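One structure is given below, encoded as structure tokens.
This is a predicted model, so every value here is computed, not measured. Basis for what follows: all heavy atoms, side chains included, without hydrogens, waters or symmetry-related copies.
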Amino acid sequence: MTTFHDLGLSKTIVATLSALGFEKATPIQEKAIPLVLEGSDLIGLAQTGTGKTAAFGLPMIEKLLAEARRPDPRNIRALILAPTRELVNQIADNLRDFVKKTPLRVVTVVGGASINKQSEMLSRGTDILVATPGRLLDLVARKAVTLTQARYLVLDEADQMLDLGFIHDLRKISKLVPKNRQTLLFSATMPKLIAELAGEYLVNPKKVEVTPPGKAADKVEQYVHFVPGKDQKTQILKQTLTANPDGLSLVFSRTKHGAEKLMKHLDHIGFKAASIHGNKSQGQRERALKAFRDGEIRVLVATDVAARGIDIPGVTHVYNYDLPEVPDAYVHRIGRTARNGRDGIAIAFCAPDEAHLLRDIEKLMGIKITVASGEAPAIVTAGPGGKSRKGRNNGGQRSGNGRAAQRPQRKPFGDGAQAASEGAAPAAGKRAHGGRPQQKQGERQNRNHGAGNGQGRPSQHGKPRRSEGQRREQA
Ligand code: AMP
């Protein structure tokens, strides 16, 4: 067991950690803390939930304390950038716990809150500023803050920042911080753009990794229901929620509108639900998160943007009500469960027009997700005149009532109705089978993800990939 003392942290910090119940370092902390203390730039491949905030925060705090100086007015000593308000607040909450017994000040700036108040907070000088990129640039433009004394720059959830279209803001900010800073970049995945970004901003970085990209969710049991449409998604969702009354369920919707509608429906029929998405005010989001964290509501319907990085330890089920357009997002989503050694279940719904998304996810993760019910639709192929037509598996497999024809059940909870009545829906901690779901030979014989025919690209479905801006706006 590696203690924080072993990693080179001072007595004060170790005592604070001990009071917080942190006795043993997590793997990312073990690897990252000594490197940050020695002054290296760092690329950390790790998801939220691995203890990465402490991995970059603790050594940074240690070094800020050792430098023993106060920040000048309107200046900052360290800058942490994160993609969403929730994540900024979560990081700052963690850091405030760590600096409790020190003179260091942690300030947050995020969109959607009063800029004048933030300006005032910054006027005294800030040791650690945690910010979303857009609001930070607004404050720089107002001369409320300058970044020229920042000695540390942390880019947290860098992949998400790029997904959200923050690349230009990041470029601007990187020009405003001094060249001789120490830079730490954390990302759950390492797409090419992140590697390029790292090449631009980091100098001889050391790389630490706690979960191979795309494999982050080893502990999560994953299932997919093939459904003909939204009605069946909602039906199975309700039945599985009913069968798991003690669970904490996070349900992902692709759009703000969809999230709101689903939440209202669930709430209307008696599930205690709330939603978080881009149309909710900061206060509403925080209240919803708190109620969910406290177990007052059992179902939180969220979009990716709003839910990114949120650390709620007791989530038992993650539902991909809509599959994400970017496969990395699936990994992030299901990483919200099975935290801190607990079990977790991820249930995805896949409508015929989402088959290509599932294929991309499985490719990224290098696994085949266990089929809970339904039949994989054939990939839609472009018909004459550019019109789509369904492949043979699909049309012929619908039953008269519009439900997808069901294959023989493979899991006791495969059909939601059956699960509800038999109480056999997947409950975290009660695994229907051990280990990572592996598809048995023959189970997937009918699944067609368009392999080899080049089909399934969104653009070939008459649905062009949406731009980053559009994705951001919808979520
Ligand atoms: P993070 O990945 O930084 O979001 O951290 C996930 C959760 O683990 C947070 O609630 C932290 O407070 C907690 N945590 C981080 N490091 C440790 C540790 N060494 N021991 C116990 N809990 C920790």
Side-chain angles (χ1 to χ4, degrees), residues 217-245 247 249-253 262 299 315-324 330-331 333-334 336-338 343-355 357-362 365 367-378 393-394 397-399 401-449:
D218 270 2
K219 281 206 72 225
V220 183
E221 275 188 81
Q222 301 172 56
Y223 302 97
V224 58
H225 289 269
F226 290 103
V227 291
K230 281 232 183 287
D231 288 352
Q232 292 74 18
K233 290 184 178 184
T234 308
Q235 189 67 14
I236 298 174
L237 173 65
K238 286 191 297 203
Q239 286 157 345
T240 321
L241 290 175
T242 306
N244 292 278
S249 299
L250 188 53
V251 183
F252 283 95
S253 157
L262 181 61
V299 188
V315 174
T316 56
H317 290 72
V318 170
Y319 293 89
N320 278 276
Y321 185 84
D322 299 311
L323 287 176
Y330 176 86
V331 183
R333 288 176 177 188
I334 68 169
R336 310 294 109 223
T337 184
D343 291 308
I345 289 171
I347 296 172
F349 298 115
C350 182
D353 62 352
E354 295 173 300
L357 302 175
L358 182 69
R359 188 200 56 177
D360 290 350
I361 289 163
E362 292 186 327
M365 299 191 75
I367 61 165
K368 293 291 182 194
I369 298 171
T370 305
V371 181
S373 74
E375 200 63 68
N393 282 359
N394 201 42
Q397 299 225 353
R398 295 259 173 103
S399 61
N401 64 5
R403 284 186 63 109
Q406 306 276 310
R407 275 192 286 177
Q409 295 305 311
R410 297 187 182 83
K411 301 288 159 219
F413 54 87
D415 180 285
Q418 196 180 337
S421 60
E422 294 175 9
K430 289 183 190 143
R431 292 186 175 221
H433 63 124
R436 195 155 123 210
Q438 286 295 335
Q439 198 69 33
K440 286 199 190 84
Q441 266 280 306
E443 276 195 347
R444 301 174 57 84
Q445 61 203 5
N446 289 325
R447 295 190 54 185
N448 175 359
H449 292 288

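Ring geometry for Tyr321 against Phe349 counts as perpendicular: the plane angle is over 60°, on a 0 to 90° scale with 30° as the lower cut.
Once rounded to the nearest 0.5 Å, the distance linking CD of Glu362 with CD1 of Ile369 reads 5.0 Å. Separating the NE2 atom in His317 from the CD1 atom in Ile345 is a distance of 4.0 Å, to the nearest 0.5 Å. The NZ atom of Lys230 lies 6.5 Å from the OG atom of Ser253; values are rounded to the nearest 0.5 Å. Annotation: the span from Arg333 atom CZ to Leu323 atom CG amounts to 7.5 Å, rounded to 0.5 Å. Remark: Met365 CE to Asp360 CG distance equals 13.0 Å, nearest 0.5 Å. Expressed to the nearest 0.5 Å, how far NZ of Lys368 lies from CZ of Arg359 amounts to 9.5 Å.
Taking 4.5 Å as the limit, every side-chain heavy atom of Leu250 sits out of range of all side-chain heavy atoms of Thr337. Between Leu237 and Leu262, the closest side-chain pair of non-hydrogen atoms falls below 4.5 Å. Within the 4.5 Å cutoff, the side chain of Ile334 has heavy atoms near those of the Asn320 side chain. Between Phe252 and Pro324, the closest side-chain pair of non-hydrogen atoms is not below 4.5 Å. Contact check for Leu241 versus Val299: side-chain heavy atoms found under the 4.5 Å cut-off.
Remark: the backbone N or O of Val227 is not paired with any side-chain donor or acceptor of Gln232 at under 3.5 angstrom.
In terms of heavy atoms, Asn244 sits closest to Thr240 at ND2-O, 2.8 Å.
Checking Ser373 against Tyr223 by side-chain atom types alone, no donor-acceptor pair falls below 3.5 Å.
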